[in-house]
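First up is the structure itself, then whatever we jot down about it.
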Amino acid sequence: MTTPRDIPEHIDGFGPVRRFRGVEPPPSVVTRAATRVSPFTSGHEKLLRDIDAAFDACGIRDGATLSFHHHLRNGDQVLNQVLAVAARRGLRDLRIAPSSLFAVHAPLVEHMRAGVVTAISTAYASGPVAEALSRGVLRTPVVMTTHGGRARAIESGQLHIDVAFVAAPAADRQGNLSGAEGPAACGPLGYAMVDVQHADRVVAVTDHLCPHPLCPIDISQEKVDFVVAVESIGDPKGILSGTTRPTTDPVGLQIAQTACQVIAASGLLRDGFSFQTGAGGVSIAASLYVKALMAERKVQGSFGAGGVTGYLVDMLEAGLFRTVFDVQCFDLRAVESYRNDRRHQAMSASLYANPHNRGPLVEQLDAMLLGAAEVDVDFNVNVTTGTGGMILGGSGGHSDTAAGARLAMVTTRLAASAGPKVVERVGCITTPGETIDVVVTEAGVAVHPRRGDLRDRLGAAGVELLTIEQLHARALALSGGAPAEMARQSDRRIVGVVEYRDGSVIDVIRQVAA
């Protein structure tokens, strides 16, 4: 069982702490929070002149909680536009709940310094905002959730949203919304789907106003209070942020081939196989090997899932999967597929990964390919912090899929320029080791001790097997020795609280030295 480190019982700006005590089954019954709705009245006009008018219509005041979604990723401009209005109106102590934050959201740093925003809850943060959070610019600790944990928190009322601002690539004046059409088409609106179900008020911000009724509809009008038309909600080219091509590096290709070999030997690659992979270069390369193997064995899978790339779309179009479930698109090829192929289905973040619903899709996953900034000898994985403890990302769906998949596989090099990636102890626990089945590196494969059945299968198939301790030793030798231990002094201010998907606190992030 994963044991969290130096986590106090109470954290200033966060409150009492429920510590992570290991992966537990969900409660037998969950009560969802009541939703406040302002019914439509005859003669009511939903279309407002601008975002300022939306603030007035929604009665946004100091201390309000505003949510945003990240389907435009590093191309999003709606969060920046809304917070610029908040600053101009002199609002203070806002809490924001964006599903993820990217470099494009750099203006948020000044709003944090000025006290316009004093609390943030998100599943991922990168760029200037992540650096500012690491250095303690935010007055309260950022709460780092998982994608499924965010959905659970919203549905339970733990994270109450006063106003959800939805970047809508297409909308009509009654509030029917679509991510498939318009100049900023981004694909499914899976994260916003949860927000609009439970926010007190919902404002759609669009740059493509269509006649009523819009067709097709991703979010329908009974969930939307107001619509604002702006010049631009963002640049869809920003969806491509990050690595979305298969690696060509020989070491990366070797890791990808071994990952495919593990899947082949696992016994899971048969008709009905279900699969998810990330958008990193090694993961995409592995999916290409899996594609070839499925075609060779004439296997038709049930579904591919996740944040979807064009490479998964290719597998759908080749008939290797019956359908694709998509919570967000990672490239424009996937957006096109969502627009044109009825087999390419939208799913909400709750359907995707909320552990407290009637059936999250992650529980039906056979195999999941995961990345790692570092993994330790207890199989704990860190994708939240990097060298020196600086925030570099966050769980997103990492912990959710690891918990649900029958085969949760971490692919990583043994070492990087900063030092070993297989370490004695990760700097921050994102995903608990008890949910990881296999670690795949260029030197070989380590199987979690609880999976003796899998180790036997892989050994019989000729997979190069090592213990995690052996991988650690080889990582140290390859990198020239252990790096300087990252300081985790208990006297440093806690600037981040890392929640597991059930809302328990699995780790904390302490302020990076100036």
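Just so it is clear, the structure is predicted and the values come from calculations on it, not from any experiment.
Side-chain N/O atoms of Ser274 and Ser302 include no donor and acceptor closer than 3.5 Å. In this model, no donor atom of one side chain and acceptor atom of the other lie less than 3.5 Å apart for Ser134 and Gln511. Remark: the His69 side chain and the Asp76 side chain contain no N/O donor-acceptor pair separated by less than 3.5 Å. One side chain, Gln276 or Tyr352, offers a donor N or O that lies under 3.5 Å from an acceptor on the other. Side-chain contact annotation: His398 with Thr431, donor-acceptor N/O pair under 3.5 Å present. For the 3.5 Å distance criterion, the side chains of Asp326 and Gln345 fail to qualify, holding no donor opposite an acceptor. Using a 3.5 Å distance cut-off with no hydrogens or angles, the side chains of Thr146 and Asp400 do pair a donor with an acceptor.
Judged by distance alone, with hydrogens and angles left aside, the side-chain atoms of Ser220 form no donor-acceptor pair with the main-chain N or O of Glu222 at under 3.5 Å. Glu374 places a side-chain N or O within 3.5 Å of a backbone atom of Gly427 that can act as its donor or acceptor partner. In this structure, the side chain of Asp162 does not engage the main chain of Ala64 through any donor-acceptor pair within 3.5 Å. At distances below 3.5 Å, not a single donor-acceptor pair connects side-chain atoms of Glu363 with backbone N or O atoms of Pro360. Arg492 places no side-chain N or O within 3.5 Å of a backbone atom of Arg510 that could act as its donor or acceptor partner. Distance alone, capped at 3.5 Å, places no donor-acceptor pair between the Thr385 side chain and the Ile391 backbone. Of the possible polar contacts, none joining the Ser479 side chain to the Ala416 backbone as a donor-acceptor pair under 3.5 Å is found.
The side-chain heavy atoms of Gln328 and Phe330, taken from C-beta on, include a pair separated by under 4.5 Å. At a threshold of 4.5 Å between non-hydrogen side-chain atoms, the residues Ile509 and Ile494 do not count as touching.
To the nearest 0.5 Å, atoms CD1 (Ile96) and CG (Leu101) are separated by 5.5 Å. Atoms OG1 and CD, on Thr145 and Glu499 in that order, are 7.0 Å from each other to the nearest 0.5 Å. With rounding to the nearest 0.5 angstrom, the CG atom of Leu108 is 10.5 Å from the CZ atom of Arg113.
Heavy-atom minimum distance, Thr277 versus Ser283: OG1-CB, 2.9 Å. Ile255 and Thr412 get closest at one heavy-atom pair: CD1-O, 3.6 Å. The two atoms that bring Ser67 and Asp195 nearest to each other are OG-OD2, 2.7 Å, heavy atoms only. When all heavy atoms of Ala405 and Met368 are compared, the pair lying nearest together is CB-CB, 3.8 Å. Taking each heavy atom of Arg135 and Ala513 in turn, the nearest pair found is NH1-O, 3.1 Å.
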**OP:** Go through the steps for His472 and Asp376 under the test side-chain hydrogen bond (donor to acceptor under 3.5 Å, both in side chains), then give the verdict.
**Re:** CA-CA 8 Å; His472 174 48; Asp376 69 23; over 6 Å; no
**OP:** Any chance you could lay out the side-chain hydrogen bond (donor to acceptor under 3.5 Å, both in side chains) test for Asp218 and Tyr338, step after step, and finish with the verdict?
**Re:** CA-CA 11 Å; Asp218 284 326; Tyr338 177 65; 2.4 Å; yes
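Within the 6.0 Å centre-distance limit, the rings of Phe102 and Tyr124 are counted as a close aromatic pair.
Applying the 6.0 Å contact sphere to CZ of Arg61 captures no more than 12 heavy atoms from other residues, nucleotides or ligands.
A parallel orientation is assigned to the rings of His70 and His147, their planes being inclined by less than 30° (bins at 30° and 60°).
Ion pairing of Arg455 with Asp453 is absent here, as no side-chain N (NZ or NE/NH1/NH2) approaches a carboxylate O to less than 4.0 Å.
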